[in-house]
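Here is the naming used below: chain letters follow the sequence lines, and residue numbers restart at 1 for every chain. Side chains are part of it too, since the values below use all heavy atoms of this structure and drop only hydrogens, waters and symmetry mates.
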Number of protein chains: 2
Amino acid sequence: MVLAMLHALADKTRFTILQWMAKGAIATCCDRIAAFENGCCVADVVAVTGLAQPTVSHHLKVLEKAGLVHKEPRGPWTCYFPNPQAIDALLTTLRAELYPKNDAESNGSSCC
Amino acid sequence: MVLAMLHALADKTRFTILQWMAKGAIATCCDRIAAFENGCCVADVVAVTGLAQPTVSHHLKVLEKAGLVHKEPRGPWTCYFPNPQAIDALLTTLRAELYPKNDAESNGSSCC
DNA sequence: ATTCCATATCCATCACCATCGATATCGAAG
DNA sequence: CTTCGATATCGATGGTGATGGATATGGAAT
């Protein structure tokens, strides 16, 4: 799941989408999304990125499969919301797995 | 630079290499690498991953360009070492840029 | 100078992916 | 039921990247 998240984030467009969501709800469907929800609909992402609608749908699907966002139909729109827990999990895993440990004891397969 | 790091990490092989480095120096050139350095040489990565040597060199180059590792010739070997500062920078940036902010004031381009 | 070892580079191949036009789906009105 | 708006899916295309064989480089030792 971590690799899927990293793959999802390692794309300029998808990173920008999440970045933009984190900043706050800027949507044409604001009557459906509260400010604290940080959500948006597909058309908003299309407007911001300038990409075609199928492309945006594709990116949002990747983000959703990675667990970084979740979607929810609200009225005429499909709204997407960021998932803070997923980001937390990612950060925690990255620190635990990639941060160098100089502790000789924790090194199961020690050297030489 | 963040996108480059994410791209570098979003590959199973490269993630495994960094993961394995973080665990500690397990190398055939241990007389050149102290345990606390968490380094290794190319041949070690070849042995662990089972990949061809050119492939491993390619992956290490990607990691180096992303700033996640740095290389240093030691005797007959080219040794690679993880860069904790880069990982720190990545984690800090991810939290700052992607973690949802529900603070209405910080939202420059507010909604509606 | 030659040989050997470790690694980097070159090059070709294959697979995956971002992109978008066309089309399908789906719900809400009218 | 038909229409319309919003989004998802399909299919094709171009580009990027992972992989490895062949080869070049570079240093150390004989």
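In this structure, the side chains of B:L94 and A:L94 come closer than 4.5 Å at one or more pairs of heavy atoms. For the pair B:V42/B:W77, no side-chain contact is recorded, criterion being any heavy-atom separation below 4.5 Å from C-beta on.
In terms of modelled atom types and a separation under 3.5 Å, the side chain of A:N38 and the main chain of B:K101 share a donor-acceptor contact. With hydrogens and angles disregarded, no donor-acceptor distance shorter than 3.5 Å links the side chain of B:T55 to the backbone of B:L51.
As rounded to whole Å, 16 Å separates atom P of D:dA18 from atom CZ of B:F15. Whole-Å rounding puts the B:K65 NZ to D:dA18 C1' distance at 15 Å. Atom CG in B:D11 sits about 11 Å away from atom P in C:dC17, given to the nearest Å. We find that CG of B:L3 is positioned 12 Å from P of D:dG17, with the value rounded to whole Å. Taking atom NE2 on B:H7 and atom P on C:dC17, their separation rounds to 12 Å, with Å as the unit. Between the NE2 atom of B:H59 and the C1' atom of C:dT9 there is a distance of 16 Å, given to the nearest Å.
Classification of A:R74 and A:E37 as a salt-bridged pair holds, one side-chain N sitting under 4.0 Å from a carboxylate O.
Taking every side-chain heavy atom of B:L51 into account, D:dT19 is the closest of D:dG17, C:dC20, D:dT19.
Nucleic acid contact for A:R74: none, since no nucleic acid atom lies under 4.0 Å from a heavy atom of the residue.
Applying the side chain to side chain donor-acceptor pair (under 3.5 Å) test to pairs two or more places apart or on separate chains, those with a residue in residues 80-95 of chain A are A:D88-B:R95, A:D88-B:Y99, A:R95-B:D88.
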Sub-3.5 Å pairs of nitrogen or oxygen atoms, protein against nucleotides 4-9 of chain D:
unit_1 : atom_1 : unit_2 : atom_2 : d
D:dT7  : OP1    : A:V42  : N      : 3.2
D:dT7  : OP2    : A:A43  : N      : 3.2
D:dT7  : O3'    : A:T78  : OG1    : 3.4
D:dA8  : OP1    : A:Y80  : OH     : 2.6
D:dA8  : OP2    : A:S57  : OG     : 2.6
D:dA8  : N7     : A:Q53  : NE2    : 2.7
D:dA8  : N6     : A:Q53  : OE1    : 3.1
D:dT9  : OP2    : A:K61  : NZ     : 3.3

